[in-house]
Amino acid sequence: MTDTILLSHGEGGKRTRDLVRTLFARRFDNPVLAPLFDSGLLGHLDGEIAFTTDSYVVTPPIFPGGNIGKLAVCGTMNDLSVCGARPVALSCSFILEEGFSVAQLETILDSMKDAATEGNIFIACGDTKVVEKGKGDGIFITTSGVGVVRDGWRPAPGAIRPGDRVVLTGTMGDHQAAVMIARNRLSISSPIVSDVAPLSAMLLGVLRKFKAQVRFMRDPTRGGVGVTLNEIAEASGARFVLDEGRLPVSQGVRGVCEILGFDPLYLANEGKAILIVDGSAGDGVVGHLRENPYGVNAAIIGEVAEGKSGVFMKTTVGGLRAVDYPVGDQLPRIC
Amino acid sequence: MPLRYIDEFRDPALARAVVARIEAAWDGPPVRVMEVCGTHTMAIARGGIRSLVSSRVALISGPGCPVCVTPDGYIDAAIALGRRDGVVLATFGDMVKVPGTASSLEKERGNGADVRIVYSPLDAVAIAVAEPGRDVVFLGVGFETTAPAIAGAILAARERGVANFSVLASVRTIPEAMAILASDPEIRIEGFLCPAHVSAIIGADAYRPLAETFRIPCVVAGFEPLDILLGLAMILAQKKTGRAAVENEYARVVTTSGNRKARDVIGRVFEKCDAAWRGIGVLPGSGLAIRAEYGAFDAAVKHDIAIPASGADTACRCGDVLKGKIAPDGCPLFGTACTPDAPVGPCMVSTEGTCAAHYKYGVQR
């Protein structure tokens, strides 16, 4: 292998074959991928099929706590899991920019393999393209995922009712804060690492135990908890009232947000889920989540109230305010 | 996991105690208090503070958001510069969405202008050093808070001989604007919650003429919820005893005379000038212009560009909002034709704008 990706790695000749075989197929080795057919043949799947896709374009591709590969596997798996599906198979499609470091690519692929192994999913098919220098941002990855719903659980935003609890599986904003610090090379020394993690085992465990008492789940990625709850409010007509004092945020993320003027409510997470659960199940669900390493900071952060739909917050000093969609990115401000 | 100097100032029990003090201090009609600074406006909305004190205090939001009071003619001038070959516009992030008369920096960037967001004016000097073939123009917008940093960047550029760096300055000073507002009988201000960061530079004594001339209590307060509540309690206590003095709640940061070093730097690079405030008009002596001896770093001089007078003619009532004459929902455009997504007026653009704060955190909507 060369040290960097060359245009010829994408031209379909020997270099392409070498790249696919030595870097990709060998790492992701499994019986579905191994024959390198034009499709991965998944066999018979028993249950309702869930299908999802997502593209990953993060800069820098390797950041504290993870990299774009881990993100691409976990993100798609988590999208399956929050719909109650057991992840089965992934596709992964790479767009590499000419000149991208092969060593970095290997790091990224190793993480993909580890995350897939942990999440008990196999990579069934893939594709690689190389674009000219300047036409890409190092590496883009698109993954699609297939999962199976076995126990008949379905997301039911319409079943959300006053008295339900809003549960968050851990601290907010770690992923975006970690990436932001890495991206802007801010001279802030911080222990913040991305929370990127596969949540399937934890979330499917909760569903097995609490079944329809869990009304709805979603991973608060882009836009964070603030946006995700607004989406759920829109879909369900519910009124969520959060308790500012119960929102879990790590000290590092809080510090960075205070300095830069960001609100952790709107920062992306890659290893967290919001669960709307029956009022009687709130404490039980939190207890169950806390037994999992990815849920140790799980907490009830609010509840569903009677009244006009939307997202609101009881502030620590006792006021009440709206939590709306943000517009555009949070930007560094003048003062 | 407490954060020192933050969690103490958000303590629920202490907040309840201060609210009780506010309620005990005054039983007349709500006192009209203007919070001058945009960060206060945002903190008040974010903390839901209006809902806690509305029986005693009518909070009026003032003109202290630098983005909001920057005339659209300035944005137009910046856009015109950005369209020139080889020019890099370096700006604080909240300027990019501000509408000029026909475009915004965000739209210009989409059309190929080189607009870069920086955290500090010195970052813009660094860009100029790294890219000697480009002409870097920093959009120097702000109050006394950013003025020292802008002046510092100009001094640094001169010292290092960075010839491809200049500043399009639009700097305003707060006390002059406060005096105009204090003298307006329509607004009827009964108390000023004075800015925190501006006061760190100019010092609490800067408000003494205001308090004395207009007989209005002036209290400098920090940005945390308890700072604001305590500041309001101090204003009401003055009101009750008929005093009108300058008091400083934010003594952990603000001194009576301010930051002399920062003021010296401002004085070296800038001189007083008349300045246009969007929606308010030209206020005598309320601006800072780059001194002629630093003309090589003054983008308006260097690039021979005039900042035209404002021209946009809409039903937008930002001027009345900035002066505290109407609340945001008193404007016919609020929440319908003018939203954070598609702002018409500057008060909706900045995250610290009064309209944006009401839109984002208002419970009534």
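Chain identifiers are assigned alphabetically (A, B, ...) following the order of the sequence lines, protein sequences preceding nucleic acid strands; residue numbering begins at 1 within each chain.
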- Task: Would you check if the side chain of A:Arg321 reaches a backbone N or O of B:Ala45 as a donor-acceptor pair within less than 3.5 Å?
- Result: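 Flag not set: sc A:Arg321 to bb B:Ala45 has no pair under 3.5 Å.
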
- Separation between OG1 of B:Thr339 and CG of A:Asp324, rounded to the nearest 0.5 Å: 10.0 Å

- Query: Measuring from A:Thr316:OG1 to B:Phe9:CZ, what's the distance to the nearest 0.5 Å?
  - Reply: 13.0 Å

- Task: Specify which of B:Gly47, B:Ala15, B:Ala13 makes the most heavy-atom pairs with chain A at under 4.5 Å.
- Result: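 That would be B:Gly47.
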
What closest approach, in Å, do [X] and [Y] show between heavy atoms, and which atom pair accounts for it?
X: B:Leu52; Y: A:Val317; value: CD1-O, 3.5 Å
X: B:Ser51; Y: A:Gly319; value: OG-CA, 3.5 Å
X: B:Asp7; Y: A:Arg254; value: OD1-NH2, 2.9 Å

- Going by heavy atoms in the side chains, are A:Leu320 and B:Arg50 under 4.5 Å from each other?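 The answer is no; the side chains never approach within 4.5 Å.
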
- Message: Assess whether a salt bridge exists between A:Asp263 and B:Lys360, defined as any Lys/Arg side-chain N lying under 4.0 Å from an Asp/Glu carboxylate O.
- Response: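 Here A:Asp263 does not pair with B:Lys360 in a salt bridge, since their nearest N and O are not under 4.0 Å apart.
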
- Query: So with a 6.0 Å cut-off around CZ of B:Arg21, is the heavy-atom count from everything else above 12?
  - Reply: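 Counting neighbours around CZ of B:Arg21, 12 or fewer heavy atoms of other residues, nucleotides or ligands fall under 6.0 Å, so no.
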
- Contact origin within A:Glu258 toward chain B - heavy atom pairs under 4.5 Å: side chain

